[in-house]
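One-based numbering along the sequence shown.
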Amino acid sequence: MKRAATTVWAVLLILLAGTAGSRAQSPEPAASLAPVTGAPAPPLRRPKIGLALSGGGARGVAHIGVLKALEQMHIPIDYIAGTSMGSIVGGLYAAGASTDDLEKLVATTDWSQIFSDRPVRSVLPFRQKEDDRKYIEGLSLGLDSKGLHVTKGLVNGQKFMFLLENSTRRAAGIRDFDALPIPFRCVATDISTGGRYIFSHGSLPVAIRASMSLPAIFTPVEVDGHLLVDGGIADNLPVDVVRAMGADVIIAVDIGTPPLDREQINSPVAVFSQVVSLLMQKEVDVQASQATILLRPRLGRFSMMDFPHSLKVVPLGEEAVRDKSAALSRYAVSPEEYAAWQARVRGLPPPPVLDFVEFSGTAPQLEARIRAAMRGQPGQPLTLDGLQRDLAFAYNTGDYASVTYELAARGAQEGAVVTAKPSSMGPNTMRFGIELSSDFTYNSNWAILAGLRFAQLNRLGAEWKSDLELGLNQRLYTEWYQPVDPGARFFVVPYLTYTNELDYVFVNAKMNEPSASYRTGEGWAGMDLGVNIGRSGQLRLGPRWGHASFTRAVGLDIFPSFYASLGEFQATYTYDRLDSADLPTRGIYLTLTGVDSTRALGATDSYKQGEFKLHAYQRLSERSGIFEWLAAGTAFGTDVPYYDWFRIGGPYSFAGYMQGELAGPYYASTRLGYQYKFASLPAIIGTGAYVMAYADIGKPWIQTLDTPSLTHNLKHSGTIAFGSSTKFGPVLFGYSYASGRNQMLFLSVGKRW
């Protein structure tokens, strides 16, 4: 068992490095935690044919090609056993899915979302959208009375569960896997012992999810006290499992990654990977030797994580069958007999209409929130489609680690039992982010972001949230968010905030050469009243009081240092329907802000400000799109002190100029751009890589009377940039040329405050 545990950790390291295939450890009969029972033999006059499908990540899509070719040869399958990706293809096929269904599923699934716990952003509550703009997905800690803790994997896998539940809903009421259209088994690994766990009954989606629970990527699945991970660790080619089911003829399909070639063994990691891969290959070969016919599709070095392009390997699976057609043809049946077999395995009735929905093991508060999200009323029939839609909507609030269901009968009624588990991180969390930027001169910025959230502090769902930024600039914000109604539509927010920022001052200076830099410090205490407008909009308004300092750091003594008292009324409306906080491809982000600084609240200076910002994105195709930014600020004819002027510049404001280089109490700018997704990233890393081109035009100005027209002294710039949306936030590298100025390169990495 010590050797088994060692192999488990070795495979874990290989999966993280992405250099080894999913090869099996030899099964140990004593470690089997569920019985391998024989299925009732159908009264056929032909040998019973079993299919053993191995794991291998995206390479396992080749199993679909194998099934297609076997169908073309009229070879019926009586039993299926699968591991990892083999359990997905085999389990769905056993539950009645056709090969066309499987290909469509692979083609239409957004795999970057499957390998992400991030809910669909358009339905996130507004407060979570705010955090989404600051913090790195998955980089968080839970906080409770026992201290800090982390998740057991990068991804909880709820979206994967929704995919499986939706794909197996016709078999949702079947608990005995022998009662499926094709009897089925799948293999997982008990991470505490290293032994295999063979699923022969229970929830089919849960069994498949456990079998493909890649260590350190997906969190383990707990079933009957056993903590289960990917079955490829214990038994990657379950030939003996399908034989024990009663198969006379076993067709085994091995799609694991082959060992490295001599020239590829060029690093310590490669050497380690090769050693473990060879050890695992030896055990896979033992299982393969027990198969009647062994198929090994020639997949080359196709990556086990390349799900977006995995349909390319379907023809390779078909080719592997054709290579063994002479041996396989003896198991073919007549067209009439095969048609009868297909009618039987595709003959499951449609999902039932539900008469009731119950909750099991779910906190009453969570149950109430989920019921509020459900469109169907308790006691009234609800379709399974509707239930899945409503549970997905509930999960997308971000408060749950999983929301699952099982069908159940209560006398003559059929219904669903829902289990919702709170996030494993708990209601209290710490989140982190980074921000790095440079124009490759002296103008660079860096920051570490941290957020602390205490949630569900009273029956109305109060929160205490604090944000901290440490770096070239410093920011601290803390608030108590108190809903005043059960639906959290209206709220009250007392808050404190402090900022200390470095501002550059440009006076007749050449590009990238500011005349001086000043430190602007502001501290505020305020109280907002607010209303949440759906899940995309929020309005906040209220008074706030504070103090400001403006002191020279280096350079010319352009402005005198001073301190001021602050007091103002502020109103802000924000609307956020972007599909991504990093590199959006569709949606709208809008902010409207109004400020009335008044001596009635103790302000040294009395003035007014208003600002409008709109970012709009529209897809032209799956890969291309356009975007437009509009922004403007006004002082309404009042005298605004310099420390509170609008400042624009930099890649996220007005490219070609330094951050804050363009400043004034009035400004207007617009951006028009085009972006094209030229590459996809591995799903576990991010979503894609883009090339974009955009032009900025606009200007700031001091007083309306000094400006003959909006086109006078207009600034403009053009930019070509490469961007990528990663798990660590957006990455942007580009080149800008501003009117009458020098060239500028810029690099930005990470979340923006």
pair Val731-Ser748: side-chain heavy atoms closer than 4.5 Å: no

What pair of heavy atoms forms the shortest contact from Trp480 to Ala462, and how long is it? CZ2-CB, 3.8 Å

Does Trp524 reach the side chain of Gln570, with side-chain heavy atoms less than 4.5 Å apart? no

Short side-chain to backbone donor-acceptor contact, Ser536 and Arg577, under 3.5 Å: no

For the student: nearest non-hydrogen atoms of Leu620 and Ile626, plus distance: CD1-CG2, 3.8 Å

Would Arg519 and Thr551 count as having a side-chain donor-acceptor pair, cut-off 3.5 Å? no

Quick one: CD1 on Ile648 to NZ on Lys715, what's the gap to the nearest 0.5 Å? 10.0 Å

Is the shortest side-chain heavy-atom distance between Tyr135 and Asp467 below 4.5 Å? yes

Result of checking Phe646, Phe654, Phe612 against Tyr667 for ring-ring contact (aromatic ring centres under 6.0 Å, His included): Phe646

Show the nearest heavy-atom pair for residues Ser717 and Ala738, with the distance to one decimal. CB-CA, 3.8 Å

For the residue pair Tyr674 and Tyr676, does the interplanar ring angle fall in the parallel (under 30°), tilted (30 to 60°) or perpendicular (over 60°) class? parallel

Taking everything shown except His615 itself, do over 12 heavy atoms lie less than 6.0 Å from its NE2? yes

Quick one: CG on Asp596 to NZ on Lys608, what's the gap to the nearest 0.5 Å? 4.5 Å

Reported CZ-to-CD distance for the pair Phe722 and Gln675, which is rounded to 0.5 angstrom: 13.5 Å

Who pairs with Thr634 by side chain to side chain contact (heavy atoms under 4.5 Å, CB included), at least two apart in sequence or on another chain? Phe636, Tyr666

Here the gap from Leu630 atom CG to Lys613 atom NZ, rounded to the nearest 0.5 Å, amounts to 12.5 Å

Do Leu541 and Phe569 come within less than 4.5 Å of each other through their side chains, counting heavy atoms only? no

Would you say CD1 of Ile720 has more than 12 non-hydrogen atoms from neighbouring residues, nucleotides or ligands within 6.0 angstrom? no

Would the number of heavy atoms belonging to other residues, nucleotides or ligands and lying under 6.0 Å from CZ of Phe678 be above 12? yes

Do you know the tightest heavy-atom contact between Val492 and Val484? CG2-CG1, 4.0 Å

Working for side-chain contact (heavy atoms from CB on, under 4.5 Å), residues Asp639 and Asp605: CA-CA 8 Å; Asp639 293 327; Asp605 299 294; over 6 Å; no

Ser653 and Arg671 have their tightest heavy-atom pair at O-NH2, 3.6 Å

Within the distance-only criterion (no hydrogens, no angle test), does the side chain of Asp696 pair as donor or acceptor with the backbone N or O of Ala655 below 3.5 angstrom? yes

Are any side-chain N or O atoms of Asn428 and backbone N or O atoms of Ala455, one a donor and one an acceptor, separated by less than 3.5 Å? yes

Derivation of the salt bridge (charged side-chain N to carboxylate O under 4.0 Å, His left out) call for Glu479 and Arg127: CA-CA 12 Å; Glu479 70 173 23; Arg127 287 175 61 77; 2.8 Å; yes

Within the distance-only criterion (no hydrogens, no angle test), does the side chain of Trp645 pair as donor or acceptor with the backbone N or O of Val640 below 3.5 angstrom? yes

Apply side-chain contact (heavy atoms from CB on, under 4.5 Å) to the pair Leu732 and Phe746, showing each step before the final yes or no. CA-CA 8 Å; Leu732 193 65; Phe746 60 85; 3.9 Å; yes

Is the shortest side-chain heavy-atom distance between Thr499 and Tyr477 below 4.5 Å? no

Give the C-alpha distance, both sets of side-chain angles, the deciding distance and a yes or no for side-chain contact (heavy atoms from CB on, under 4.5 Å) between Leu457 and Glu463. CA-CA 6 Å; Leu457 297 177; Glu463 294 181 3; 5.7 Å; no

Counting C-beta onward and ignoring hydrogens, is there a side-chain heavy-atom pair between Phe491 and Gln538 closer than 4.5 Å? yes

Within the 4.5 Å heavy-atom criterion, are Ile588 and Leu614 side-chain neighbours or not? yes

Value for NE2 (His716) from OG (Ser739), rounded to nearest 0.5 Å, stands at 4.0 Å

Test your reading of the model: is there a side-chain donor-acceptor pair from Asp576 to the backbone of Leu578, 3.5 Å cut-off? yes

Would you indicate whether the side-chain heavy atoms of Asp579 and Arg619 approach each other to under 4.5 Å? yes

Report yes or no: does Ser724 contribute a side-chain atom to a donor-acceptor pair with the main-chain N or O of Gly688 at less than 3.5 Å? yes

Is it true that a side-chain atom of Thr604 and a backbone atom of Ser565 form a donor plus acceptor pair closer than 3.5 Å? yes

Mind checking the CG-CZ spacing from Asn532 to Arg540? Nearest 0.5 Å is all I need. 9.5 Å

Closest heavy-atom pair and its distance - Trp545, Leu601: CD1-O, 3.1 Å

Is the number of heavy atoms from other residues, nucleotides or ligands within 6.0 Å of CD (Gln618) greater than 12? no

Could you walk me through whether Asp131 and Lys465 pass the salt bridge (charged side-chain N to carboxylate O under 4.0 Å, His left out) check? CA-CA 10 Å; Asp131 288 343; Lys465 186 175 74 169; 3.4 Å; yes

Is a side-chain N or O of Gln609 found less than 3.5 angstrom from the main chain of Asp644, in a donor-acceptor match? yes

Tyr643 and its ring-ring contact (aromatic ring centres under 6.0 Å, His included) partner, picked from Phe562, Tyr518, Tyr607: Phe562

State whether the side chain of Glu501 and the backbone N or O of Glu522 hold a donor-acceptor pair below 3.5 Å, judged by distance alone. no

Tell me whether Thr670 contacts the main-chain N or O of Trp629 through its side chain, where contact means a donor paired with an acceptor under 3.5 Å. yes

Test side-chain contact (heavy atoms from CB on, under 4.5 Å) on Tyr690 and Thr585; report intermediate values, then the result. CA-CA 10 Å; Tyr690 298 81; Thr585 60; 3.7 Å; yes

